Student: 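Please see the structure below; I have some questions.
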Amino acid sequence: MDRLTRGFYERDALAVARDLIGCLFVRIGAEGSRVGVRLVETEAYRGPMDPGSHGYRGMTPRTRSMFGPPGRLYVYFTYGMHWCVNVVCGREGECEAVLLRAGEPILGREEMTRRRGGGPERLVASGPARLAQAMGIDRSDDGASLLRGGGFFCARDDQTDTYRDAEVSVTPRIGLAQGRGEDLPWRYVVAGSPFASRSHRAPRRARRTG
DNA sequence: TGTATGATTGGCT
DNA sequence: GCCAATCATACAT
């Protein structure tokens, strides 16, 4: 299992979002303890060309890390109570990032469940704010490095198969208002994964008409 | 200084 | 399915 290096992140957010599916996202804690999830849901945010991105109107104090070098975290606070975590990608000076929306708890499951206040394991990291809370990520982790020496990393997990394209669905992103690129198919999710977040646009079940 | 809004979640009907 | 919680942020005044 190898830590992904800068070249992995220094690419278009769509490529990174797709390729992070099935990877482990790990936090190295005090005394080397680790918590980590296998990513099953990601979304790409693409800067000045993307009205859904926090960086659409240029850099602000909040979005500074999204414009920085790839291979770091962009962590933001929303709805007055939730933290969400992105992986910064693209080239330095660009504004590209991948929102980590959901994962399957793998390392430190007990610790993550405790941080979430209990509940079934499939819900521990099933949503961007849940994932961040489970892994103890907050403002102090904004800008943290995923590269060598950093306290976080992503890794391809060669112990198990990575997901084939046929197993990964591509859908519009979740939670965007109209006019914010709400129809762009920039979300990647493992089809049928019990660890993925509940879609706010749940596919309607077919109805018998008569 | 004022105000609208949000890359969400959890609880309730 | 509906909606309140709760406040940093961005932008208007």
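Within every chain, numbering begins at 1; the chains are lettered A, B, ... in the order of the sequence lines, protein sequences first and strands thereafter. Given the structure is predicted, the values throughout are model-derived calculations rather than measurements.
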Student: So what is the 5' to 3' dot-bracket string for DNA chain C, if pairs are Watson-Crick or G-U wobble with both distances under 3.5 Å, crossing pairs use [ ] and | means the partner sits on another strand?
Tutor: |||||.||||||.
Student: Would you say whether A:Y79 stacks on C:dA5? The test is a distance between ring centres of less than 5.5 Å and an angle between planes of less than 30°.
Tutor: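 No, A:Y79 does not stack on the base of C:dA5, since the centre distance and plane angle fail the 5.5 Å and 30° test.
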Student: For C:dA8, does the base pair up with any side-chain atom of A:Y76 as donor and acceptor (N or O, under 3.5 Å, distance only)?
Tutor: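 Check fails, no donor-acceptor contact within cut-off.
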Student: Would you say A:R187 and A:T171 are linked by a side-chain donor-acceptor pair, where the criterion is simply a distance under 3.5 Å?
Tutor: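 The criterion, which ignores hydrogens and geometry beyond distance, is satisfied for A:R187 and A:T171.
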Student: Are A:S197 and A:R101 linked by a side-chain donor-acceptor pair shorter than 3.5 Å?
Tutor: yes
Student: What pairs with A:F77 under ring-ring contact (aromatic ring centres under 6.0 Å, His included), at least two apart in sequence or on another chain?
Tutor: A:W83
Student: Taking atom P of C:dT9 as reference, at what distance in whole Å does atom CZ of A:R64 sit?
Tutor: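 The answer, rounded to whole Å, is 14 Å.
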Student: Any link between A:M112 and A:F25 through a network of hydrophobic side chains (Ile, Leu, Val, Met, Phe, Trp, Tyr) touching at under 4.5 Å?
Tutor: yes
Student: Does the side-chain ring of A:F77 sit on the six-membered ring of the C:dA8 base, less than 5.5 Å centre to centre and under 30° in tilt?
Tutor: no
Student: Using whole Å, report how far CZ of A:R101 lies from P of B:dA7.
Tutor: 11 Å
Student: Distance between the C1' atoms of C:dC3 and B:dT5, in whole angstroms?
Tutor: 16 Å
Student: So that I can tick it off, tell me whether A:R180 and A:D50 are bridged by a salt bridge, with the cut-off set at under 4.0 angstrom between side-chain N and carboxylate O.
Tutor: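 Judged by the 4.0 Å cut-off on N to carboxylate O distance, A:D50 and A:R180 do not form a salt bridge.
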Student: Provide a list of protein-nucleic acid N or O atom pairs under 3.5 angstrom, restricted to nucleotides 10-13 of chain C.
Tutor:
| from | atom 1 | to | atom 2 | distance (Å) |
| --- | --- | --- | --- | --- |
| C:dA10 | OP1 | A:T60 | OG1 | 2.2 |

Student: What is the separation between atom NE2 on A:H82 and atom C1' on B:dT8, rounded to the nearest whole Å?
Tutor: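 Computing the A:H82:NE2 to B:dT8:C1' distance gives 4 Å.
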Student: Provide, to the nearest angstrom, the distance between the CE atom belonging to A:M81 and the P atom belonging to B:dA7.
Tutor: 14 Å
Student: Quick check: do A:R46 and A:S53 have side-chain heavy atoms less than 4.5 Å from each other?
Tutor: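 No. Closest side-chain heavy atoms not under 4.5 Å.
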Student: So which one's nearest nucleotide on DNA chain B is more toward 5', A:R116 or A:R180?
Tutor: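 The residue whose closest nucleotide sits nearer the 5' end is A:R180.
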Student: Write down the distance between OH (A:Y56) and C1' (B:dA7), rounded to a whole number of angstrom.
Tutor: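 Distance, rounded to whole Å: 16 Å.
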Student: Less than 4.5 Å apart, side chain to side chain, heavy atoms only: is that true for A:L107 and A:V26?
Tutor: yes
Student: Would you call A:R91 and A:D12 a salt bridge, using N to O less than 4.0 angstrom?
Tutor: no
Student: In residues 117-132 of chain A, which ones come under 4.0 Å of DNA chain B, going by heavy atoms?
Tutor: A:G127, A:P128, A:A129, A:R130
Student: How long is the line joining CD of A:Q178 and P of B:dG6, in whole Å?
Tutor: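 After rounding, the reported distance stands at 12 Å.
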Student: Do NZ/NE/NH1/NH2 and the carboxylate oxygens of A:D142 and A:R62 come within less than 4.0 Å?
Tutor: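 Looking at A:R62 together with A:D142, the answer is no, because their closest N to O distance does not fall below 4.0 Å.
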Student: What's the CZ-P distance between A:R198 and B:dT9, to the nearest Å?
Tutor: 9 Å
Student: For A:S193, what residues pass the side chain to side chain donor-acceptor pair (under 3.5 Å) criterion, not counting sequence neighbours?
Tutor: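 Expected list: none.
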Student: Would you please confirm or rule out a distance under 4.0 Å between OP1 or OP2 of B:dA7 and any side-chain N or O of A:R187?
Tutor: no
Student: Could you pull out all residues at least two apart from A:T63 that satisfy side-chain contact (heavy atoms from CB on, under 4.5 Å)?
Tutor: A:H54, A:M59, A:T60, A:M66, A:F67, A:Y74
Student: Distance to the ring centre below 6.0 angstrom and angle to the axis at most 45 degrees; does that hold for A:R173 and A:Y45?
Tutor: yes
